[in-house]
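One structure is given here, and the rest of the page talks about it.
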Amino acid sequence: MSASVPPIRVNNNLLEMEYAVRGPIPKRAAELQKQGKKIIPCHIGNPQALGQPPLTYFRQVLSLVEDTSKIARERKLKDLFEENPYSDLKQKDFISDDVLAKSESILANLKSGMGAYTESKGPRFIREAIAEFINKRDDYKNRGGVIADPEKIFLTSGASGGVRFVIEALIAQKNDGIMIPIPQYPLYSATIKRAGGTQVNYYLDEEKGWTFDRDLLEEAFRKAVNNGVNIKGIVVINPGNPTGAILDEQHVDEVIAFAEDHNIAIIADEVYQDNIKADEFVSFARALGTKEVTLFSLHSISKGFYGECGHRGGYLEVRNPPKIQGSNMDFADLLVKTASVSLCPNTAGQVLVYLMVNQPQEGSEAYPQFIQEKNKILSDLADKATMIREAFTHMEGVECFGGTGALYLFPRLNKLPKGTTDFDYCMALLEDTGICTVNGSGFGQKEGTHHLRIAFLPPKELLAQVLPRWIEFHNKYVAETI
Ligand SMILES: Cc1ncc(COP(=O)(O)O)c(C=O)c1O
């Protein structure tokens, strides 16, 4: 700090904003790592940081659209190989024609390549591909639904970019409130705080697998309204982070009816939709059908089996955007205006969103390797969640509700030494074993309860080594209770 520069006042909302996922525990982990301690970073859903390999198909296309000369080079090499029967190279040593063709078609559509700004909401061909993906996923024709409109789709810098666009636009004044589930992913509390609005909690029912019912939503709504809050929207995270809960049709319908009756918008965070089987996932767009409720749905390349967090790609789809009071714009026009101020999301993230919604189809040359990699990643994730759940059964006073729908488990710590909290526990766990988790209080929880969140991402061999140490640490730590 320079002694000659006087302190200044800054936006207080930024000072008050909290984001536990990158809070004091991960900060301490970084210090310990500098001192040479081995850290197992389970505090964040960052799959490739824990060794999850990227999908070959995604990366081959991405590298070819970035370095276009390699497309012609690859084709030339293939021709040489065809003409030379003595070569020991095999077809599989070359990049498949599918990948070459896909890369060429992306470049043809982009026209100006990867280094140029795109339209602020993303190029039309990517938005059309997203619309087609949504239409197919939701089978809108057979279900009497509504066709997705590419003009109401926005490419964003991860889902986080879309969440920020929506919440900042919805909050007009301090008493404008957004309902969020507790526990929640702290992007929501932080974004509401940054926008200067009011966070309205609805508490998920832990023992019912972290779900909710209409009464619970109504109660939270009524309480807030009685306190002068003007509720503008409700956030639903499905599958849930940190809970892993997967909502069925009845729950999704309940939220829609609730939003319709109170004339509020739904913000549906569906970034984990590819972590579960297609028939387990009920999208809000599908359930909404022709009902005229404002819906913002978010998806991302960061999760699922692709795990491309660092490339920052995502999309936001808007249905039934409301008109804006005192203006001839509607909410989607306002989002275009907001998006245009940051010019465009990065092009690599946009290309990966395109590939996410446009995956190799059965029968294509790229399909066998793609599906093999996808299945391996998803089955490894399921195995790792099972290993950790099993370890919990050997830890005194640990109960884990909720599903395995996202990348996390959120166990309850029923026994802690007197006067300590889940924060103290997570810090001690880190110091003792190197396992970096996040305290439940960072996501919100019912008063008097304690939890932690762990991302089930470390390789199985590493889990097999550290879980026994965690069990030993835990049982010693909680023994101090008695
Ligand atoms: C529920 C949820 N929504 C949004 C995000 C942000 O994702 P992105 O990397 O796409 O910004 C995350 C990241 O962990 C998340 O868990």
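Order of appearance sets the numbers: ligands from 1, and atoms from 1 within every ligand. Just so it is clear, the structure is predicted and the values come from calculations on it, not from any experiment.
Screening Val61, Leu64, Val351 against Lys102 for a side chain to side chain contact (heavy atoms under 4.5 Å, CB included) leaves a single residue, Val61. Just one residue in the list Glu206, Gln445, His451 forms a side-chain hydrogen bond (donor to acceptor under 3.5 Å, both in side chains) with Arg412, and that residue is Glu206. Of the residues listed (Ile167, Val235, Ile237), the one engaging Ile180 in a side chain to side chain contact (heavy atoms under 4.5 Å, CB included) is Val235, and it is the only one.
Of all the heavy atoms in Ile171 and Ala195, the pair that sits closest is CG2-O, 3.6 Å. Nearest approach of Asp432 to Lys37, heavy atoms of both residues: O-NZ, 3.7 Å.
Listed by atom number, the atoms of ligand 1 under 4.0 Å from Ser300 heavy atoms are 8 (P), 10 (O). For ligand 1 and Asp269, the ligand atoms under 4.0 Å from any heavy atom of the residue are 1 (C), 2 (C), 3 (N), 4 (C). Set against the non-hydrogen atoms of Ile237, the atoms of ligand 1 under 4.0 Å away are 1 (C). Less than 4.0 angstrom separates some heavy atom of Asn241 from each of these atoms of ligand 1: 1 (C), 15 (C), 16 (O).
Counting protein heavy atoms only, atom 12 (C) of ligand 1 is closest to Tyr185 CE2, 3.3 Å. Nearest protein neighbour of atom 14 (O) of ligand 1, counting heavy atoms only, is Lys303 NZ, 2.8 Å. Atom 6 (C) of ligand 1 has as its closest protein heavy atom Ser160 OG, 3.3 Å.
For the pair Arg453 and Phe410, the cation-pi test (distance below 6.0 Å, angle within 45°) is failed. The cationic group of Lys384 does not satisfy the cation-pi geometry with Phe456, failing either the under 6.0 Å distance to the six-membered ring centre or the 45° limit from the ring axis.
Where the criterion is an N or O separation shorter than 3.5 Å, residue side chain and backbone included, Arg312 meets it with respect to ligand 1. Distances between N or O atoms of Val271 and those of ligand 1 include no value under 3.5 Å.
Counting heavy atoms under 4.0 Å from ligand 1, residue Ser302 touches it through the side chain alone. Contacts between Tyr408 and ligand 1, counted as non-hydrogen atom pairs separated by less than 4.0 Å, involve the side chain only.
Inter-residue side-chain proximity for Tyr202 and Ile234 is flagged as met; some heavy-atom pair is nearer than 4.5 Å.
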